[in-house]
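These notes concern the structure reproduced below.
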Amino acid sequence: MNKTTQLVWLATFFTMACLSARPATAAKYKVIDVTDGGTIEGVVRWEGEIPKRSILSVTGQDKPCHVKPIKDEELVVSNDGEVRWVVVYIKKIKQGKPFDFDPKKPVTLDQKGCQFSPHIALVGKGQPLSILNSDGVLHNVHLYAKKNEPFNRSMPGDMKKMDVTFDYSERIRVGCDVHRWMSSWIVVAKHPYYVVTGADGTFRFEGVPAGSYTVEMWHEKLGKQKTEVTVTSGAEARVEFVLKQ
Amino acid sequence: MKARHGGAIALGAVGLAMGFTLSQTACRSAGSAASTASVATTGSIASLEGHALFMAHCAPCHGVTGRGNGPAAIALTVAPRDFLRERFRYVSTLNGVPTDEDLSDSIRNGRRFGEMPAGPQLTDDEVRVLIDYVREIQRLGWLEDLRKEFADDDDTSPEEIEEISHIRVEPRDAIQVRRPAPSFQRKTETGRELYTANCASCHGLSGRGDGMAKPLDEQGRPISVRDLTSGEFRGGTKIEEIFKRIRCGVPGTPMSAAVALSDEEVWQLVYYVRYLAGQI
């Protein structure tokens, strides 16, 4: 084998090896103009005795932590049996409406009364999130991210705002090591069909292109459930999830 | 004749494997991601040499696979680092990933006031190879974790998971640490105020590490808050090293990065810490 042939072989081999190592991309969400979409709405209900919310054990001398009792946000069920803080989303939706967030109006995650508020902050990929410190005492924002960059940053009392954005969709647990009872989640949505249930346990997706979908829910303590639903143009499809201990 | 052919085929196969590995490495440095099953089976020249060095110098404590479970670990009071599950602690970057210099410092000088011994017998090349090797172990830990967590995720392809695993072990540029003017090199009232606002919640007002109840690391294991009055800083006692611990935090622990403070403020904290340690 002469030198030229060797070089050609080497170049071919190198190119093939590079091509084989190049990352393929996942099927990405495609934004379309949804003109004849339908709606999915529903509720997350509780079955059985309504669980009582515990009062968290608060330590330390920081005054804002002792203004009022801090209730556990992990499992919140209304007297009528509706479950709060459940993330509901359409799974594997290929196309639909665009995110409608205003880049100038970030979602906020406040640290107030030594508690994160809201308990679950929902943001889109690339949407700004402002982490606030209304307490005026030292907190540390500890993000246990995996796809996005994990970090643990000090937020002293005089630092009122920290802006962050996320490149990847995931659920990120957030904690504060100074006040260990503080816990929340940042949910980075991959598309606009994500919602977090409020006190009445309801959720609603508008402008869903007609078709069959899997709607999935996630709760930090009770895990995931999913159900199938068919959306038709101009109509409302109903979904209900039932949780129990 | 047959034997000679067999030898040539074996040599060719080794050459092909080496060539493929080297080209994969070249591709990866160009921004792509290569797939590897385990550090020991990557087949790269560096990994094979790294594997031998790791077995000889690190595995007795850190374990054959780097999980911190070597035979000598049982005799240690501080568990050796599990490279697959834990983050490196002593960094000079703001993304919590050590630079080669950070890792070289740990390997060469050990961890003062800890149980990681110094490795002065290693050559520069050997340290370099070991750094690549432990980084690869840590990347595989991320890969395993990411695959488990996002197996059912429709937004992330396996190739992206692979790519993210590389990002997780890629250090950003080291922060600049410039010694302050001599007029700054003392304990100040501002330093005390900054300490009260930024450090006392965990380290205590007097610095004895008694400000926080039952601290845990990211694995949920109890750890102690450093008693600053002891003057024993595992990340190093030089002022530049204390500066880095304050600015970059200690990944994997409650010690957070003071990203909001100016360099001057961090220096004032450094000298207040030295004061608490009775060193100025």
Side-chain angles (χ1 to χ4, degrees), chain A residues 9-10 13-29 57 59-62 91-94 125 137-142 144-159 162 167-171 175-180 188-191 214 216 224, chain B residues 16 19-24 26-28 30-35 87 94-97 142 145-146 149-150 152-164 167-168 194 196-202 211-216 218 246 249-261:
Chain A
W9 268 104
L10 198 65
F13 179 69
F14 183 82
T15 310
M16 283 173 68
C18 270
L19 285 173
S20 73
R22 211 170 68 182
T25 50
K28 293 296 178 193
Y29 178 76
S57 172
T59 55
Q61 305 298 316
D62 288 332
K91 197 171 166 64
K92 295 186 179 176
I93 186 168
K94 299 280 188 296
K125 279 198 279 190
V137 297
L138 175 75
H139 288 294
N140 72 304
V141 183
H142 200 149
Y144 295 80
K146 292 191 174 174
K147 281 158 74 178
N148 294 283
E149 185 178 302
F151 66 73
N152 178 13
R153 295 177 189 159
S154 294
M155 203 154 175
D158 58 358
M159 184 184 183
M162 181 195 294
D167 296 329
Y168 297 98
S169 61
E170 68 169 319
R171 291 182 297 271
C176 169
D177 297 278
V178 182
H179 311 102
R180 283 236 316 276
V188 187
K190 60 193 81 172
H191 53 67
T214 301
E216 190 167 74
K224 290 179 179 175
Chain B
L16 197 70
F20 187 76
T21 307
L22 287 171
S23 56
Q24 289 278 39
C27 297
R28 197 166 69 199
S32 296
S35 177
R87 302 176 68 191
L94 291 177
N95 72 338
V97 180
W142 273 107
D145 199 17
L146 287 161
E149 183 87 17
F150 300 102
D152 186 36
D153 187 72
D154 54 299
D155 196 41
T156 312
S157 66
E159 290 77 9
E160 279 173 315
I161 292 288
E162 181 91 21
E163 198 164 71
I164 292 167
I167 295 170
R168 286 287 81 80
L194 285 165
T196 304
N198 290 275
C199 318
S201 298
C202 301
M212 190 184 218
K214 297 177 183 171
L216 303 172
E218 284 191 351
I246 296 171
V250 181
T253 78
M255 175 73 185
S256 49
V259 291
L261 301 180

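Letters A, B, ... mirror the listed sequences (proteins, then strands); counts begin at 1. Computation of the quantities below employed the complete heavy-atom set of this structure, encompassing side-chain atoms and omitting hydrogens, waters and symmetry-equivalent molecules.
Using a 4.5 Å cut-off between heavy atoms, A:Arg153 touches chain B through backbone and side chain atoms alike. For a residue to count as touching a neighbouring chain, one of its non-hydrogen atoms must lie under 4.5 Å from one of that chain's; by this rule A:Tyr29 does not touch chain B. Heavy atoms of A:Asn148 lying under 4.5 Å from chain B belong exclusively to its backbone. When heavy atoms are compared at a cutoff of 4.5 Å, A:Lys224 approaches chain B solely by way of its side chain, counted from C-beta outward.
Taking CG of A:Leu138 as the reference point, atom OG1 of B:Thr196 lies at 11.5 Å (rounded to 0.5 Å). Distance check, rounded to the nearest 0.5 Å: CG of B:Asp155 to NE2 of A:His191 gives 8.0 Å.
Classification of A:Lys91 and B:Asp152 as a salt-bridged pair holds, one side-chain N sitting under 4.0 Å from a carboxylate O.
A heavy-atom distance below 4.5 Å is found between the side chains of A:Arg180 and B:Lys214. Side-chain contact between B:Glu218 and A:Pro150 is absent, with no heavy atoms from C-beta onward closer than 4.5 Å. Between A:Tyr168 and B:Thr156 there is no side-chain heavy-atom pair separated by less than 4.5 Å.
Partner of B:Ser256 under the side chain to side chain contact (heavy atoms under 4.5 Å, CB included) criterion, out of A:Asn140, A:Asp177, A:Val178, A:Val141: A:Asn140 alone.
When all heavy atoms of A:Lys28 and B:Glu160 are compared, the pair lying nearest together is NZ-OE2, 3.4 Å.
Because its NZ or CZ atom is both nearer than 6.0 Å to the ring centre of B:Phe150 and within 45° of the ring axis, A:Lys147 counts as a cation-pi partner of that residue.
Of the residues considered (B:Ile161, B:Thr253, B:Leu94, B:Ile167), B:Thr253 shows the highest number of contacts with chain A, using heavy-atom pairs under 4.5 Å.
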